[in-house]
Amino acid sequence: MIEILQNLMGGFVIALQPYHLLLVAFGGILGTIVGMLPGLGPATGVAVLIPITFTMGPTAAMITMTGIYYGAMFGGSRSSILINTPGDGAALAATFDGYPMAMKGKAEAALAISAIASFIGGTIAAVLLVLLATPVSRFALKFGPAEYFLLMVAALSMTASMSKGNQLKGFISLIIGLMIATIGIDAQSGIKRFTFGVLELQTGIDFLIVIIGIYALGEVFKSYSSIADGTKKAQKEFGKIWISKEDWKRSKWPILRSAPLGFIIGALPGAGGTMASLMSYNNEKQLSKHPEEFGEGAIEGLAAPESANNAASVGALIPMLTLGIPGSGTTAVMMGALLMLGIQPGPLLFTQHPDIAWPLIASMFIGNIILAIVNIPLAGLLVRVLAIPAKVLYPIVLGLSFVGVYAIAGSIVDFYLLVIFGLAGFLMKKVNVPTAPMILAVIVGNTMEQSFRQAIRISDGDLGIFAGSTLALSLIAITVISILFPIVKDKMMEKKAENAPETV
Amino acid sequence: MKKEKLDYDGLTAIVVILFGMLYLTMSLKLPKASIGNAMDPIYFPLGLSIMLLVIGALLLIKSDKSHIDRIFKGMKHQTEKEKQVTKMVSFTCAIAIIYGLIFEHVGFVLATFFFMMSILYMTNGKKHLTNVLVSGIFSLGIFALFNYALGIPLPGLPFM
């Protein structure tokens, strides 16, 4: 425990350096702006802004990205509240009561409570992260290649399974991602795989291109349909952005309850912020003494999901930092950026690079404070971004994507790959194939194959090694459960629906 | 029954199965490794293609095949908005390809100015002043940011 505190203090010393503080604030503001754009959430924010971190040191880069991530989470709910358009899925729940509040002339209280709830949720979750990070990474050190392979299988299949309502399509996305990862020279045998004679493909397709293609280009393509709708009028003049005592009394417990819930859901691969915020919303509605106010502008209906959502974003960092397995789109993007800087997240991160891991964690506390400051007194200023028409902002996001991709390797071939993945992302969304499993698979694909082959080599070709330890068996069990659970649940729901009397 | 929501499961399944077969054939044709187990680099891709084929087949069995036919029929009478989006996406891709083709010849600033102008013309219409300003500031600003502040060199102007 003392050791953890010492590490954290060390982290704070680094994170509090003026340069780092500036980066968190800078990332936070940029992230807030991107997050406010309809349809563009944290994953896009981080993806588009990755290039600015290329030449920073790993510590500074991670700190900036955390700022962007948090900023986008804060920003997403701004547009939910003011124009009823969530920046991303996780901010969806904020439209349920946030927009009605703004309609009733309580935009100030709505903006304030969402920032306060996000701040508290994020901070509680960061404390939980501090407590859990070291034990989890110590435990993960016990994993051999076979267990590590199974762990990735379990994490990926959970992500694919949780893809709402279309498990099969989640797995399709997952396998295609793994296939993309096989492109390039095989590190163990030197064989060229699927390079089609293109020189640039020999080193494989950089996952950042896939990420920027899907999350930046694909999302902008999808958002083209909203350009025709024109800019929605957002309130621009605000009174004092703060809440009353009464508001606080109503929201305090929902905020505190939702934080740990959000954290746990966020830490599960595949679940993430959207599920966390929707679950906490439903919870509060059920616990409330006046559930009829939900959806009509109940302040706790905004506070709870905002707290859960930010707590989930912190929870999602646990598997990424300690196991090297991203559990969500955004953390996959961040992991991609880390790998790009030559840092391998995973159990060794905390022992080999405490100088990166701990300042990152410390910067979450600081980022939370800075963003609360940015988002409460300055909210009136920031939301002016919403007045800039999307028709100008989307081209800028496109421009940034291309520059970003060029900055990775200085190759024009990557432009064409970017277009291909942008189109793929657009079409996948159109036919309802989730993109997150694919992104995750592209990132861990290589490691996964290498662990598989290492395990096989250790056991001399005996597949029994994958069932050779209790740990391995439990991971297999988790995988099986994660696949079967949604199927069983669907069947039970169907039964329920059949038995229920028909209501019109 | 006029505007029933179409799902693309059947169509997706067919595309996925075709892709899986293509990948399977290519995996089988991969050269054998000269060191270690000759089949070693092939197992993983092979396993993936088989899994993809199985899942594609499952999706096809589960899907409502009548939708496939209806999607193709529906394509002819897309809504105005859908047509608009398709047009915009195709235009963006075309501009992006031209951007790639001219990038190394005319340099970052000019190529990017062209790219931004074209995309803005599409999204923002004929508001030339805004378009020129945004494109100009963007291409020069990003060039300065990358070259001087971030130390990532971008190809400059052709005559420099």
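Numbers restart at 1 for each chain; the letters A, B, ... are given by sequence-line order, proteins then strands.
Looking at every heavy atom in both residues, T123(B) comes nearest to K391(A) through OG1-O, 2.7 Å. Scanning both residues, A96(B) and F402(A), for their nearest heavy atoms gives CB-CZ, 3.4 Å. Across every non-hydrogen atom of P51(A) and I152(B), the tightest pair is O-CD1, 4.0 Å. Of all the heavy atoms in I191(A) and P31(B), the pair that sits closest is CD1-O, 3.4 Å. Across M179(A) and L52(B), no two heavy atoms sit closer than the pair CE-CD2, 3.7 Å. Between Y416(A) and G100(B) the shortest heavy-atom distance is OH-C, 3.3 Å.
Between V85(B) and F426(A), some side-chain heavy-atom pair lies under the 4.5 Å cut-off. Residues M122(B) and Y224(A) are in side-chain contact: their nearest non-hydrogen atoms beyond the backbone lie under 4.5 Å apart. Side-chain contact between I42(B) and R193(A) is absent, with no heavy-atom pair separated by less than 4.5 Å. At a threshold of 4.5 Å between non-hydrogen side-chain atoms, the residues P395(A) and V134(B) do not count as touching. Contact of the F115(B) side chain with the L398(A) side chain is registered, since non-hydrogen atoms from C-beta on lie closer than 4.5 Å. Within the 4.5 Å cutoff, the side chain of V431(A) has no heavy atoms near those of the L11(B) side chain.
With a threshold of 4.5 angstrom between heavy atoms, K430(A) approaches chain B through its backbone and through its side chain. Of the atoms belonging to V433(A), it is side-chain heavy atoms, and not backbone ones, that fall under 4.5 Å from chain B. Residue contact with chain A, scored on non-hydrogen atoms closer than 4.5 Å, involves the backbone and the side chain of V89(B) alike. The contact between L30(B) and chain A is made entirely by side chain atoms (from C-beta outward), counting heavy-atom distances below 4.5 Å. Heavy-atom distances place both the backbone and the side chain of S27(B) under 4.5 Å from chain A. Both the backbone and the side chain of S49(B) come within contact range of chain A, with heavy atoms under 4.5 Å apart. I420(A) does not touch chain B: none of its heavy atoms, backbone or side chain, sits under 4.5 Å away. For chain A, no part of T112(B) is nearby; none of its heavy atoms comes within less than 4.5 Å. Within the 4.5 angstrom heavy-atom criterion, only side-chain atoms of K127(B), from C-beta onward, approach chain A. With a 4.5 angstrom heavy-atom cutoff, M116(B) touches chain A only via side-chain atoms.
By number of non-hydrogen pairs under 4.5 angstrom with chain A, the leading residue of F146(B), Y43(B), F19(B), F108(B) is F146(B). For the options I142(B), L154(B), L59(B), heavy-atom pairs under 4.5 Å to chain A are most numerous at L59(B). Taking L400(A), V419(A), N432(A) one by one and counting their heavy-atom pairs under 4.5 Å with chain B, the maximum is reached by L400(A).
Applying the 6.0 Å contact sphere to OH of Y121(B) captures no more than 12 heavy atoms from other residues, nucleotides or ligands. Dense packing is recorded around NZ of K32(B), with more than 12 heavy atoms of other residues, nucleotides or ligands lying under 6.0 Å away. For NZ of K429(A), the number of neighbouring non-hydrogen atoms (other residues, nucleotides, ligands) closer than 6.0 Å is greater than 12.
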### Task
Step by step, work out the side-chain contact (heavy atoms from CB on, under 4.5 Å) result for Y8(B) and K169(A).
CA-CA 11 Å; Y8(B) 290 88; K169(A) 288 194 260 183; 5.9 Å; no
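Between the side chains of Y23(B) and T182(A), at least one donor N or O sits under 3.5 Å from an acceptor N or O.
Interatomic distance, CG of L58(B) versus CD1 of I172(A), reported as 9.0 Å (0.5 Å rounding). Within the model, atoms NE2 of H105(B) and CD1 of I412(A) stand 8.5 Å from one another, a figure rounded to the nearest 0.5 Å. Atom CZ in F415(A) sits 10.5 Å away from atom CG in L101(B) (nearest 0.5 Å).
You'll find the ring centres of F103(B) and Y406(A) inside the 6.0 Å limit.
Taking the six-membered ring where tryptophan is involved, the planes of F452(A) and F44(B) are tilted, since the angle between them lies from 30° to 60°.
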